[in-house]
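Step one of this worksheet: look at the structure below.
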Protein chains: 2
Amino acid sequence: MDNNVNQDFMRSVILLRSFSDIQKNMMLFIQRNATENGLTVSQYSILMTIIRHKEITQKVLGEEAFLPKSTLSQAIDGLVKRGLLQRHQVDGNRREVLLSTSKKGVDFIKSIHTQEGGIHQIFQAAVETLTEKQYDDLLVAHLQLSTFLEKYHTEQGGLVSD
Amino acid sequence: MDNNVNQDFMRSVILLRSFSDIQKNMMLFIQRNATENGLTVSQYSILMTIIRHKEITQKVLGEEAFLPKSTLSQAIDGLVKRGLLQRHQVDGNRREVLLSTSKKGVDFIKSIHTQEGGIHQIFQAAVETLTEKQYDDLLVAHLQLSTFLEKYHTEQGGLVSD
DNA sequence: TAAAAACTGTTCCATTCCAAACAGTTCGTT
DNA sequence: AACGAACTGTTTGGAATGGAACAGTTTTTA
């Protein structure tokens, strides 16, 4: 019988939906939160990524934020024009562009973090309903899944030949 | 000291990133999987939602798939033109539209499910790296978070006044 | 040290997305 | 029944997205 096969399949579908539900719920908050602050979701991602680095090249930023370079280039343009980011040239490298947040940018990001009803506030409240153990287990399981998925990407498109 | 406040905040940020990582990894697969089959991501979502119902109205479909009705209307148009979905009128209700999959649609969805290197195949392999307990705990924790987030939505925009 | 290849970022444009305006239908009130 | 409000789905128009072509820079190869 293919009962096992079918059951494995169902387990995967159920978990996929579970992620999907959370993801879409979060996206609604993020989209609203971004729009309220005059940002696109891409720009929001960029800011949240860049804040974790002092400086970062566009290339690395694109990898971390999972954004195609064309989108990145345009989104950054908007942020620079608003004075939230700065572009630098690196000495001895006229190809790569270094990005960093301006004072104004840092303040702006902080204000988003603490915004009433923003994704960060709400998600923090949500996390507080979890026990320590639940939280830790969750991170471990997520990392396990993430690592697996990432491995498949690097195998260029998930095509595995023997 | 606000050490605790800060720590709570960090915990939430870390988990948010953890979800974000998985989400973006999954999106890469889904996007590729959709494009390969000539679908937009919205259309992909629609098909995956509709397959779990025999019939569904556009309104309900929109709620389950978290898609705005304008996007929905156009995405469905494409699917109907490709002969994957059918629109029906309900007797005694000339406003709502009932949607269902055609035979061709069902076959199409099945073929996506079993596609080599598709999100379903890869995610299933990923899920198999989890123990039963990890899997069950994951679902519980997700549901807990999902429920919390959903509650905030219905509170129309997360604004809570006393 | 040329020429070719690879690499980083920009520009272009066709497609997709979604808020808002709209059209038609149903419900509620009088 | 008639009016207005609410509801479901479509159309419209402007913005966001991302693949592909491109421009300039650096590295590799011959």
Side-chain angles (χ1 to χ4, degrees), chain A residues 24 27-47 49-50 55-82 85-100 156-157, chain B residues 24 27-47 49-50 55-82 85-100 156-157:
Chain A
K24 284 163 179 170
M27 278 311 290
L28 290 183
F29 283 111
I30 290 176
Q31 192 131 350
R32 186 158 55 81
N33 208 185
T35 305
E36 278 169 4
N37 290 284
L39 299 172
T40 66
V41 173
S42 296
Q43 287 177 324
Y44 180 91
S45 297
I46 289 171
L47 289 183
T49 304
I50 217 169
E55 292 184 317
I56 189 171
T57 63
Q58 248 175 259
K59 177 182 152 60
V60 175
L61 177 59
E63 284 164 4
E64 291 203 14
F66 292 82
L67 291 171
K69 55 187 184 174
S70 52
T71 303
L72 206 60
S73 179
Q74 291 182 279
I76 288 172
D77 240 45
L79 294 174
V80 170
K81 276 180 188 139
R82 281 180 64 180
L85 296 187
Q86 289 152 346
R87 291 192 228 244
H88 311 275
Q89 282 295 338
V90 196
D91 294 356
N93 184 341
R94 304 208 287 144
R95 192 166 46 182
E96 299 193 3
V97 174
L98 263 185
L99 297 167
S100 62
Q156 57 150 43
Chain B
K24 284 164 178 170
M27 278 311 290
L28 289 182
F29 283 111
I30 290 176
Q31 193 130 347
R32 187 159 54 79
N33 208 184
T35 305
E36 278 170 4
N37 290 284
L39 298 172
T40 66
V41 172
S42 295
Q43 288 177 324
Y44 180 91
S45 296
I46 289 171
L47 289 182
T49 303
I50 217 168
E55 291 184 318
I56 189 171
T57 61
Q58 251 176 254
K59 176 182 152 63
V60 176
L61 177 58
E63 285 164 0
E64 291 203 12
F66 292 81
L67 291 171
K69 56 187 184 174
S70 52
T71 302
L72 207 60
S73 180
Q74 291 180 285
I76 289 172
D77 239 45
L79 294 173
V80 170
K81 276 182 188 137
R82 280 179 65 178
L85 296 187
Q86 289 152 345
R87 292 192 228 242
H88 310 275
Q89 283 294 339
V90 196
D91 295 356
N93 183 344
R94 305 208 287 144
R95 193 168 43 181
E96 298 193 5
V97 174
L98 263 185
L99 297 167
S100 63
Q156 57 151 39

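Computed from a predicted structure; not experimentally measured. Protein chains get the first letters and strands the later ones, always in sequence-line order, with residue 1 at the start of each.
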Once base and sugar-phosphate atoms are separated, protein heavy atoms under 4.0 Å mark nucleotides 13-23 of chain D, 5' to 3', with B, S and - as ---SBBBB---
**Prompt:** With distance as the sole test, does Gln43(B) use its side chain to make a donor-acceptor pair with the main-chain N or O of Ala75(B) at under 3.5 Å?
**Reply:**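 At least one qualifying donor-acceptor pair exists.
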Is there a donor-acceptor contact under 3.5 Å from the side chain of Ser73(A) to the main chain of Lys69(A)?
-> no
Say you draw a straight line from [atom1] of [X] to [atom2] of [Y]; how long is it, rounded to the nearest 0.5 Å?
| X | Y | atom1 | atom2 | answer |
| --- | --- | --- | --- | --- |
| Leu99(B) | Leu72(B) | CG | CG | 7.5 Å |
| Leu79(B) | Thr40(B) | CG | OG1 | 7.5 Å |
| Leu98(B) | Gln89(B) | CG | CD | 9.0 Å |

- Check every strand shown and say whether Asn93(A) touches a base, only sugar-phosphate, or nothing at a heavy-atom separation below 4.0 Å.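 Sugar-phosphate only.
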| said: Does any part of the side chain of Thr57(A), heavy atoms only, come nearer than 4.5 Å to the side chain of Val90(A), both counted from C-beta? | reply: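 They are not in contact (no side-chain heavy atoms under 4.5 Å apart), so the answer is no.
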When the distance from [atom1] of [X] to [atom2] of [N] is rounded to whole Å, what number comes out?
| X | N | atom1 | atom2 | value |
| --- | --- | --- | --- | --- |
| Arg95(A) | dT25(D) | CZ | P | 10 Å |
| Leu99(A) | dG9(C) | CG | C1' | 11 Å |
| Ile76(A) | dT8(C) | CD1 | P | 14 Å |
| His88(B) | dG9(D) | NE2 | P | 14 Å |
| Glu96(B) | dT25(C) | CD | P | 14 Å |
| Leu28(A) | dC18(C) | CG | P | 10 Å |
| Leu85(A) | dG9(C) | CG | C1' | 16 Å |
| Leu72(B) | dG9(D) | CG | P | 8 Å |

Which of Leu47(A), Asn33(A), Ile46(A) passes side chain to side chain contact (heavy atoms under 4.5 Å, CB included) with Leu39(A)? Answer is Leu47(A)
N or O in side chain of Arg94(A) less than 4.0 angstrom from dT25(D) OP1/OP2: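 Checking dT25(D) against Arg94(A), a side-chain N or O does come within under 4.0 Å of OP1 or OP2.
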Does Arg32(A) make a side-chain N or O approach to OP1 or OP2 of dC18(C) shorter than 4.0 Å? no
